[in-house]
Structure formats: structure tokens, C-alpha cells
Amino acid sequence: MDADTGWRDYEGGATLGGMGGQGGTIVRDEGLRDLLRLTYEADDSRSFHVVTCGVSGWLSHPRFFDNAADALHAFESMKPALEELGAALPGGGPRSPADGRAAGPLLAAFRVRFS
């Protein structure tokens, strides 16, 4: 949890230790204002580490790593960019086709930057 930026344990930490969406064990799971989420899953038995970032209604983007150090670095380094992306999008997803078209380049740029 990072008290300085407002990121908090997602669901008060209730998801920690559970299975994540990519099939690993959730090691870290943080959210910001019920809009943004970062989840780190790991399975050391198969050198599996994934950080999934999400913007409610807009994006769920997993990034795969072969070691914990790189995954944890990515987890922290993606926070500011994810906050910037979330601030540029209407809360909760597109409200019209025009919203979706306008968001397309922002979402694509984020995915390319963090691929």
C-alpha cells in the first residue's frame, strides 16, 4: 500500500493469496478510487510473474515477466501512467461510441508503452 498516492490494498487485502485471473497466486493487489487496479500474481515453480493493470470499464492489460524483481519494478512504475490514463477517461467506461473512439488512441498508446 502506498499512502502517499492513495493506492490501497484492493478489497482490504482479501484477494491476497487467492488465484488471479492469469492463474498465479495474488501477491499484491492495489486499487485507487475504485477506478484503477494493479494486481501482481506469481508462481515461482514455473517462473511465472504477471502484473495486470486495469481501468474500470476500459482496460485490463496483463504484462508477463520471468522474475519477481522485474514484475515488482513494473508494478510500481506503472502507477503514475495508469493514474494519468484513468484521469483522461470517463469513469466507468464509454458512455457513447464517440467516447470509445476518443479513448482508442490513449488505450493503444498505454498498451504499446507497457507491452
Side-chain angles (χ1 to χ4, degrees):
M1 176 171 67
D2 188 347
D4 294 336
T5 63
W7 287 87
R8 303 275 183 251
D9 288 336
Y10 187 75
E11 294 183 355
T15 59
L16 299 176
M19 181 176 280
Q22 302 297 321
T25 301
I26 296 175
V27 178
R28 286 183 70 182
D29 200 4
E30 297 180 15
L32 180 66
R33 295 184 306 271
D34 295 327
L35 174 67
L36 308 176
R37 184 175 177 189
L38 277 166
T39 304
Y40 167 47
E41 303 171 42
D43 182 345
D44 288 323
S45 71
R46 54 187 174 124
S47 298
F48 176 84
H49 302 269
V50 62
V51 175
T52 302
C53 58
V55 179
S56 181
W58 288 103
L59 172 76
S60 178
H61 177 60
R63 294 181 65 198
F64 297 90
F65 302 89
D66 61 5
N67 65 77
D70 288 348
L72 289 169
H73 175 74
F75 187 98
E76 289 302 325
S77 67
M78 289 174 71
K79 284 181 179 179
L82 194 59
E83 289 176 34
E84 184 178 314
L85 178 63
L89 299 169
R95 296 187 181 112
S96 70
D99 281 351
R101 284 190 297 277
L106 298 172
L107 296 166
F110 183 89
R111 285 181 183 239
V112 167
R113 180 177 173 193
F114 294 105
S115 60

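Values below: every heavy atom of this structure, side chains too, minus hydrogens, waters and symmetry copies.
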Legend entry - Contact list for residues 98-115, test salt bridge (Lys or Arg N to Asp or Glu O under 4.0 Å), sequence neighbours left out: none

Inset, instruction - Return the set of residues passing side chain to side chain contact (heavy atoms under 4.5 Å, CB included) with A108 (not counting sequence neighbours), or none when no residue passes. - result: none

Legend entry - Those residues that, when tested against F75, pass ring pair (Phe, Tyr, Trp, His ring centres under 6.0 Å) (two or more places apart): none

Legend entry - Pairwise side-chain contact, L59 with L89, heavy-atom cut-off 4.5 Å (strictly under): no

Legend entry - Sequence neighbours excluded - ring pair (Phe, Tyr, Trp, His ring centres under 6.0 Å) pairs with any residue from residues 82-109: none

Legend entry - Connected-component partners of M19 among ILVMFWY, side-chain separation under 4.5 Å: none

Inset, instruction - Under the side chain to side chain contact (heavy atoms under 4.5 Å, CB included) rule, collect the residues that match up with A88, sequence neighbours excluded. - result: L106

Legend entry - Under the side chain to side chain donor-acceptor pair (under 3.5 Å) test, residues paired with S45 that sit two or more places apart: D43

Legend entry - Shortest non-hydrogen contact between L16 and V27, atoms and distance: CD2-O, 3.4 Å

Inset, instruction - Sorted by first residue and then second, give each side chain to side chain donor-acceptor pair (under 3.5 Å) pair with at least one member in residues 57-74; sequence neighbours left out. - result: N67-D70

Legend entry - Pairs where residues 87-111 contributes a residue and the test ring pair (Phe, Tyr, Trp, His ring centres under 6.0 Å) is met, not counting sequence neighbours: F110-F114

Legend entry - ILVMFWY cluster membership beyond V50 - transitive side-chain contacts under 4.5 angstrom: F48, F64

Inset, instruction - Work out which heavy atom in P94 is nearest to a heavy atom in G100; give both atom names and the distance. - result: CB-N, 3.9 Å

Inset, instruction - Pick out which of L72, V51, L38, D9 makes a side chain to side chain contact (heavy atoms under 4.5 Å, CB included) with R28. - result: L72

Inset, instruction - Indicate yes or no for a side-chain donor-acceptor contact from Q22 to the backbone of E41 under 3.5 Å, with no hydrogens or angles considered. - result: no

Inset, instruction - Kindly write out the residues that satisfy side chain to side chain donor-acceptor pair (under 3.5 Å) with R37, not counting sequence neighbours, or none if the list is empty. - result: D29, T39

Legend entry - For A68, all residues meeting side chain to side chain contact (heavy atoms under 4.5 Å, CB included), sequence neighbours excluded: Y40, H49

Legend entry - Linked, directly or transitively: L82 and F65 (ILVMFWY side chains, under 4.5 Å): yes

Legend entry - Rounded distance [0.5 Å steps], CE in M78 versus OG1 in T52: 8.5 Å

